[in-house]
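Worksheet: the structure to be examined is printed underneath.
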Amino acid sequence: MIRKVVPNVTQACQGIKNGMTLMFGGFGLSGIPENAIAQIVKLNKNHLTCISNNAGVDDFGLGLLLQKKQIKKMISSYVGENAEFERQMLSGELDVELIPQGTLAQRCQAAQGGFPAFYTPAGYGTEVAEGKETREFNGKWYVLEKAFEADFAFIKAWKGDEAGNLIFKGTARNFNPNMCGAAKITVVEVEELLPAGALDPNQVHIPGIFVQRIFQGENYEKRIEQLTVRKRN
Amino acid sequence: MIRKVVPNVTQACQGIKNGMTLMFGGFGLSGIPENAIAQIVKLNKNHLTCISNNAGVDDFGLGLLLQKKQIKKMISSYVGENAEFERQMLSGELDVELIPQGTLAQRCQAAQGGFPAFYTPAGYGTEVAEGKETREFNGKWYVLEKAFEADFAFIKAWKGDEAGNLIFKGTARNFNPNMCGAAKITVVEVEELLPAGALDPNQVHIPGIFVQRIFQGENYEKRIEQLTVRKRN
Amino acid sequence: MALSKEQIAKRIAKEVKDGYYVNLGIGIPTLVANFVREDINVEFQSENGVLGMGPFPFEGEEDPDLINAGKQTITTLPGASFFDSAMSFSMIRGQHVDLTILGAMEVSELGDIANWKIPGVMVKGMGGAMDLVASADNIIVAMMHTNKAGESKLLKKCTLPLTGVGCVKKVVTNLAVLEITKNGFQLLERAPGVSVEEIVDATEGNLIINGKIPEMVF
Amino acid sequence: MALSKEQIAKRIAKEVKDGYYVNLGIGIPTLVANFVREDINVEFQSENGVLGMGPFPFEGEEDPDLINAGKQTITTLPGASFFDSAMSFSMIRGQHVDLTILGAMEVSELGDIANWKIPGVMVKGMGGAMDLVASADNIIVAMMHTNKAGESKLLKKCTLPLTGVGCVKKVVTNLAVLEITKNGFQLLERAPGVSVEEIVDATEGNLIINGKIPEMVF
């Protein structure tokens with residue numbers, strides 16, 4: 001068994017440099033690597049390119065990096081919950097590349113799996129396809145999209161073991177598994193870190209081979225963005 | 001919940017016609033759809049194109065279809081355990097397309113996921129790439145491979161529920177999940193068919209949306225091809 | 001009288017058939033789930049990674065690890081499953097989802113749709129919409145017939161950046177049900193009490209009116 | 001004296017470093033697992049969908065749902081995982097596997113490899129070998145130096161259909177350890193008691209001999 005455990009977030013985040021490209025798992029505020037984000041804020045690294053489906057909210061998630069203007073460029077599919085983001089984008093302070101959500105997922109998956117490029121129908125005929133190669137297969141048009149190239153992927157899992165095997169919970173799974181192994185170094189924080197052998201090998205979502213560092217996360221806030229409930233009868 | 005259950009293998013295999021393209025899960029004899037194969041032998045459909053990593057052994061698995069000369073063309077990555085297969089291939093009775101195993105998996109995955117084509121390094125510079133488009137990305141060469149187009153996918157899962165959700169066991173998983181939803185109709189046989197709600201939604205390997213028909217399989221032989229054991233001390 | 005958002009959702013719910021997997025966008029489409037007939041079997045997919053969504057949770061039972069694509073807390077029904085984003089879009093791109101219902105800022109008579117960006121004013125992003133409209137065979141748009149300035153949202157040609165081209169099959173607005181055909185918007189039904197003339201006035205794109213147009217029935 | 005298959009495996013085992021994920025091909029490569037130092041941590045991947053393979057099962061404990069890519073019954077160690085074929089080749093193609101050891105019929109001085117087909121005689125198929133050799137940075141070939149007819153398997157140019165081009169990094173045979181360099185096979189070590197002349201005679205491809213060639217140490 002190859003051990004991937006590091007003792008804390010400080011060591012897990014070693015090696016981050018100004019100007020690097022970082023991936024972050026999560027959808028909205030669900031399944032985001034809270035500990036790693038806090039550490040990157042603390043490290044005050046800047047000129048970062050961040051790949052993440054969303055950009056957090058004003059005072060949480062990647063919004064914390066935006067507040068401190070650590071982000072030079074955002075690659076996302078939806079950023080609609082963040083006023084500071086919108087301000088920086090419209091003023092031109094922040095470079096933003098908006099891409100279809102499925103394309104975002106597959107550009108991660110391609111990086112993980114050694115595919116340099118793939119054809120997808122998403123965005124054909126729109127400004128997303130501008131400057132990109134397009135091509136017809138079986139009478140339908142597709143856009144050529146490339147694998148991401150990133151330095152770090154920051155992942156949040158539910159349970160993990162010392163070998164780096166991961167299990168995600170509910171819809172906190174989202175982009176997290178797709179980003180594992182999609183960057184040079186994959187750093188995972190977990191709610192529960194277990195000894196090797198504690199996870200059923202049949203139920204592992206992501207094998208440890210895609211993970212370089214794993215650590216026990218702390219103090220999860222797990223904020224809810226849109227609390228929607230029913231009244232009990 | 002959308003119910004996918006059919007009462008038996010006869011109904012599960014309805015609609016198979018001579019000349020169709022069929023996918024079969026399994027690696028060697030592990031995780032093969034034994035019930036569906038027996039039924040296709042019984043139906044005596046022929047001129048079939050079969051997509052399967054292997055071709056079974058002389059008297060089991062897809063070897064049973066080969067014996068009865070029901071297969072016109074085999075698309076596989078490795079066929080080394082089958083004398084009748086080798087005879088039919090070398091004599092020219094059987095048309096064979098051998099492709100890299102990872103390419104086979106990804107051509108299934110592409111069909112499942114609506115990707116018409118992808119670039120892979122496997123086979124570049126070999127006869128596998130002959131007649132195919134090749135292309136350089138970042139200094140490395142790749143071959144353009146296309147998604148499969150199949151009529152039926154025959155899948156063997158361990159547990160399944162009425163909604164078509166599937167869990168596979170051990171290395172009997174192999175190509176089975178990749179072939180689900182990769183053909184017009186996906187037919188699944190399971191060792192244990194459970195009511196909806198019996199499977200943990202977090203542990204489902206393949207959601208029912210990729211499955212059209214599911215049935216309780218019977219009389220699994222689960223032959224072992226290479227029995228290798230240690231002596232107890 | 002023009003329909004309320006709930007009524008638009010109720011009318012669209014009639015398009016949901018037994019055995020459908022359905023993806024609902026944010027806004028009016030989300031409301032459709034409340035009006036689907038109880039005697040048919042339907043599963044709702046949300047592109048953030050869940051199939052088999054149920055109603056909102058009871059107060060106090062919300063789970064931050066269980067949300068829909070609108071970031072709302074949800075529940076699941078028996079037979080549900082969770083999956084990653086890549087698999088989610090395999091469902092969508094691979095045409096395993098039978099019906100997609102989404103909102104729009106503009107729809108053209110050719111079936112083009114714009115719903116993600118107003119240059120210089122608002123850019124929320126396309127989210128999963130571009131994958132959905134590029135892939136799905138069956139796309140219904142739910143929206144108001146006109147914008148807040150009273151201008152038609154059913155146009156000859158979209159003025160905003162497109163989300164997808166030639167993909168919308170049907171539009172249900174507060175005034176009418178329309179099908180996109182080769183020649184433009186074919187008027188199928190009108191809201192109860194709304195006249196054909198009102199619809200003509202509110203529609204900039206080519207409107208095809210064949211015979212008597214019935215009122216919607218819910 | 002020329003090495004036995006076990007000795008070839010034993011020598012190759014020295015190339016396996018702490019923290020490596022290793023994929024072992026059928027034949028001699030499979031034997032390598034038996035000789036890896038016990039004080040280092042290594043995980044074996046098998047492309048049919050398992051990481052963390054252990055030894056063969058005890059008699060009576062074999063499981064038909066638990067095999068390796070050679071279709072042999074196996075066991076798993078703590079920290080193991082199962083996955084589907086597409087994910088398995090994402091590990092391989094994505095260069096997450098650190099070392100690939102496989103057999104060959106022919107290797108050329110340029111690092112080309114042929115191991116899947118003899119036209120008109122034998123076609124077993126390439127299995128996962130083409131993905132492995134096209135992707136891995138670190139590929140070691142384990143094979144006999146000559147074929148049954150006594151002809152060299154280390155050639156200027158492969159005569160059989162290729163599995164991959166310019167990919168082999170090292171070759172360990174029953175006679176020698178050789179590295180593939182720009183100029184051909186660089187002789188690194190010779191089997192105990194085997195002379196450099198014997199290796200020269202058995203090698204058709206360009207052989208580079210710099211200085212005194214040490215005997216292998218196990």
Side-chain angles (χ1 to χ4, degrees), chain A residues 27-31 53-55 76-81 86 89-90 96 98-106 108-109 112 120-128 140-143 158 168-178 205-206 220-232, chain C residues 26 30 46-50 53 55-76 82-93 112 114 116-117 119-135 161-167:
Chain A
F27 188 101
L29 301 179
S30 190
N53 188 58
N54 311 89
S76 300
S77 90
Y78 192 83
V79 292
E81 279 87 17
E86 206 158 353
M89 177 171 53
L90 292 172
V96 179
L98 288 167
I99 60 175
Q101 194 172 131
T103 299
L104 199 158
Q106 198 62 23
C108 296
Q109 201 68 5
Q112 179 193 78
T120 179
Y124 177 75
T126 77
E127 65 179 55
V128 161
K140 184 168 174 168
W141 283 86
Y142 297 85
V143 184
W158 180 36
F168 303 89
K169 183 174 162 233
T171 55
R173 190 182 316 187
N174 55 66
F175 291 86
N176 281 298
N178 310 126
H205 292 145
I206 282 291
Y220 284 104
E221 276 196 47
K222 290 196 177 187
R223 283 202 208 168
I224 290 175
E225 244 174 294
Q226 303 282 342
L227 178 63
T228 46
V229 294
R230 282 181 283 174
K231 295 257 178 226
R232 285 170 199 280
Chain C
I26 299 172
T30 303
S46 196
E47 64 267 26
N48 59 318
V50 54
M53 267 190 290
F56 294 142
F58 287 118
E59 281 181 285
E61 292 183 1
E62 63 276 5
D63 178 353
D65 295 327
L66 186 43
I67 62 171
N68 64 18
K71 284 105 175 174
Q72 297 172 310
T73 46
I74 56 162
T75 60
T76 57
F82 300 117
F83 35 85
D84 63 53
S85 298
M87 183 179 273
S88 182
F89 283 90
S90 280
M91 295 177 187
I92 289 168
R93 220 184 298 97
D112 299 348
W116 72 283
K117 185 176 181 179
V121 177
M122 183 286 294
V123 191
K124 295 196 182 300
M126 65 291 282
M130 278 196 184
D131 304 272
L132 283 158
V133 300
S135 310
L162 295 184
T163 309
V165 290
C167 52

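To find a chain, count down the sequence lines: A is the first, B the second, and so on, and within it residues start at 1.
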With chain C, the option among A:Ala55, A:Gly123, A:Pro121 that has the most non-hydrogen atom pairs under 4.5 Å is A:Pro121
Distance check, rounded to the nearest 0.5 Å: A:Gln106 atom CD versus C:Arg93 atom CZ? 5.5 Å
Could you work out, with side chain to side chain contact (heavy atoms under 4.5 Å, CB included) as the rule, every residue matching A:Leu98, not counting sequence neighbours? A:Ser76, A:Val79, A:Val96, C:Trp116, C:Val123, C:Met126
According to side chain to side chain donor-acceptor pair (under 3.5 Å), who are the partners of A:Glu86, at least two apart in sequence or on a separate chain? none
Selection from A:Gly31, A:Ser30, A:Ser77, A:Gly28 maximising heavy-atom pairs under 4.5 Å formed with chain C: A:Ser77
Which of these, A:Asn174, A:Asn53, A:Asn176, sits in a side-chain contact (heavy atoms from CB on, under 4.5 Å) with C:Ser85? A:Asn174
Between C:Gly164, C:Pro161, C:Pro55, which shows the greatest number of heavy-atom pairs under 4.5 Å with chain A? C:Pro55
Heavy-atom pairs under 4.5 Å with chain A are the metric here; pick the option from C:Pro57, C:Ala114, C:Ala134, C:Gly49 that has the most. C:Pro57
Does the side chain of C:Asp63 reach to within under 4.5 Å of the side chain of A:Lys169, using non-hydrogen atoms? yes
Chain A contact via C:Thr163 - side chain, backbone, both or neither, heavy atoms under 4.5 Å: backbone
Where C:Gly70 and A:Gln226 come nearest, the two heavy atoms and their spacing: O-CG, 3.5 Å
Part of C:Val133 within contact of chain A (heavy atom distance under 4.5 Å): neither
At a heavy-atom distance under 4.5 Å, which candidate from C:Ala69, C:Ser88, C:Ser90 has the highest pair count against chain A? C:Ala69
Highest number of heavy-atom pairs under 4.5 Å with chain C: which of A:Gly125, A:Gly80, A:Gly102? A:Gly102
Contacting region of C:Phe89 [heavy-atom separation from chain A under 4.5 Å]: side chain
Expected output: side-chain C:Thr73 to main-chain A:Thr228 donor-acceptor under 3.5 Å: yes
Need one label for A:Ile224: side chain, backbone, both or neither, based on atoms under 4.5 Å from any heavy atom in chain C. side chain
Over all atoms of both residues, closest heavy-atom pair of C:Ile67 and A:Thr171: N-OG1, 2.9 Å
Between C:Gly127, C:Gly125, C:Ser135, who has the most heavy-atom pairs with chain A when the cutoff is under 4.5 Å? C:Gly127
Just so I understand: if I count every heavy-atom pair under 4.5 Å between each of A:Thr120, A:Val229, A:Leu90 and chain C, which residue has the most? A:Val229
Heavy atoms only: give me the nearest A:Pro177-C:Asp84 pair and the separation to one decimal. CG-CB, 3.7 Å
Residue among A:Lys231, A:Gln109, A:His205 with most heavy-atom pairs under 4.5 Å to chain C: A:Lys231
Is there a side-chain contact between A:Phe27 and C:Lys71, using heavy atoms and a 4.5 Å cut-off? yes
Please classify the contact between A:Leu104 and chain C as side chain, backbone, both or neither, with a heavy-atom cut-off of under 4.5 Å. neither
Please rank C:Phe83, C:Phe58, C:Phe82 by heavy-atom pairs under 4.5 Å with chain A and give me the top one. C:Phe58
Minimum heavy-atom distance between C:Phe56 and A:Arg230, given as atom pair plus value: O-NE, 2.6 Å
Looking only at non-hydrogen atoms, find the nearest pair between A:Pro100 and C:Asp131 and report the distance. CB-OD2, 3.3 Å
What distance do C:Asp65 atom CG and A:Arg173 atom CZ have between them, rounded to the nearest 0.5 Å? 12.0 Å
Between C:Ala129 and chain A, with a heavy-atom cut-off of 4.5 Å, which part of the residue counts as in contact: side chain, backbone, both or neither? neither
Heavy-atom cut-off 4.5 Å, strictly under: side chain, backbone, both or neither for C:Asn68 against chain A? backbone
Which atom pair, heavy atoms only, marks the closest approach of C:Pro64 to A:Lys222? CB-O, 3.4 Å
In Å and rounded to the nearest 0.5 Å, what is the OH to CG distance from A:Tyr124 to C:Leu162? 11.5 Å
So, the part of C:Glu47 with a heavy atom under 4.5 Å from chain A: the answer is both
